[in-house]
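Here's the structure we're looking at; comments come further down.
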Amino acid sequence: MEQKKRQTPACTGALMRRTMRRLSQHYDEALRPLNLKLTQYSVLANLAAYPDSSITDLADVLEMDRTTLTRNLGPLQRRGLVQIRTGSSPRNRAVALTPQGVDLLRTAKPVWRAAEEGIRAQLGGDDVAHLHDLLQRVLEDAKALDRPETVSTVRGKGDVL
């Protein structure tokens, strides 16, 4: 069978999602013995960095909507890794790591680190640094696209998008 030449997708979002799926598979495989996925590890790690965060604040840190975060918290809560309780007001819910969550995070961190080092070794140090800088800039620019005044300004410039 003749192999078709791969073409770069015209959609930046599609290429980012493909790349993220591949990278997530790498981390998920490494974390599988701990019954964790990269998304769950990320929630635990960010809860350690921002203890007793409100769901809204944690969702903002993770660049995730509240509904998605709540869905991701469910399995962690059922495993006894996080606790969700009333926050600063009755309508506000706070999330915290439990002692079991702290222990699992301590065990998972070297596993995650090894997966991260594998990716860094594959890409090379200079490319990783460049990729991180570029992704950070893309993230900030993507946030600007959500602001109505930015969207109308950018759309007025033709090929900018």
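Fair warning: this is a prediction, and the values are worked out from it, not measured in the lab. All values below were derived from every heavy atom in this structure, side-chain atoms included, with hydrogens, water molecules and symmetry-related copies excluded. Throughout, residue positions are numbered sequentially from 1 according to the sequence presented.
- In this structure, the separation between CG on Leu73 and CG on Leu47 is 7.0 Å, given to the nearest 0.5 Å.
- Taking OG of Ser42 as the reference point, atom CD of Glu63 lies at 11.0 Å (rounded to 0.5 Å).
- Rounded to the nearest 0.5 angstrom, Leu105 CG and Leu44 CG are separated by 6.0 Å.
- Using a 4.5 Å heavy-atom threshold, the side chains of Asp57 and Tyr50 count as separate.
- Between the Thr70 side chain and the Arg66 main chain, a donor and an acceptor come within less than 3.5 Å of each other.
- The 12-atom threshold is not exceeded at CD of Gln122, counting heavy atoms of other residues, nucleotides or ligands nearer than 6.0 Å.
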Without placing hydrogens or testing angles, list every side-chain donor-acceptor pair under 3.5 Å for residues 106-113, not counting sequence neighbours.
{"from": "Arg106", "atom 1": "NH1", "to": "Asp103", "atom 2": "OD1", "distance (Å)": "3.1"}
{"from": "Thr107", "atom 1": "OG1", "to": "Asp103", "atom 2": "O", "distance (Å)": "3.1"}

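- Scanning both residues, Leu58 and Ser53, for their nearest heavy atoms gives CB-CB, 4.1 Å.
- The shortest side-chain heavy-atom distance between Thr68 and Asn72 falls under the 4.5 Å cut-off.
- Contact record, Asp52 with Ala94: O-CB, 4.2 Å, taken as the closest heavy-atom pair.
- Checked against side chain to side chain donor-acceptor pair (under 3.5 Å), Gln25 has no partners two or more places apart in sequence or in another chain.
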Evaluate Leu36 against Arg79 for side chain to side chain contact (heavy atoms under 4.5 Å, CB included), listing each step before the verdict. CA-CA 11 Å; Leu36 276 179; Arg79 287 180 63 187; 3.9 Å; yes
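- Heavy-atom contacts from other residues, nucleotides or ligands closer than 6.0 Å to CZ of Arg22 number 12 or fewer.
- In this structure, Thr56 and Leu69 have side chains that are not in contact, with every pair of non-hydrogen atoms separated by 4.5 Å or more.
- The distance from the CD1 atom of Ile55 to the CZ atom of Arg93 is 3.5 Å, given to the nearest 0.5 Å.
- By the rule that hydrophobic residues join a cluster once side-chain heavy atoms approach within less than 4.5 Å of another member, Val138 and Met20 end up as members of separate clusters.
- Using a distance-only test at 3.5 Å, with no hydrogens or angles considered, a donor-acceptor pair links the side chain of Asp28 to the main chain of Leu38.
- Taking 4.5 Å as the limit, some side-chain heavy atom of Leu135 sits within range of a side-chain heavy atom of Met16.
- Cluster annotation: Leu97 is not connected to Val61 through the hydrophobic network of ILVMFWY side chains, with a link wherever side-chain heavy atoms come within less than 4.5 Å.
- Pairing each heavy atom of Gln40 with each of Asn35, the nearest pair is OE1-O, 3.9 Å.
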How far apart are the C-alpha atoms of Glu116 and Tyr27, what are their side-chain angles, what is the distance that settles it, and do they pass the side chain to side chain contact (heavy atoms under 4.5 Å, CB included) test? CA-CA 8 Å; Glu116 175 71 14; Tyr27 290 102; 2.3 Å; yes
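- Distance check: Asp65 CG to Asp60 CG gives 10.5 Å after rounding to the nearest 0.5 Å.
- A distance of 10.5 Å separates OG of Ser24 from CG of Leu31, quoted to the nearest 0.5 Å.
- In terms of modelled atom types and a separation under 3.5 Å, the side chain of Thr98 and the main chain of Leu81 share a donor-acceptor contact.
- Between Gln136 and His132 there is no side-chain heavy-atom pair separated by less than 4.5 Å.
- Under a 4.0 Å N-O distance rule, the pair Glu117/Arg120 does not qualify as a salt bridge.
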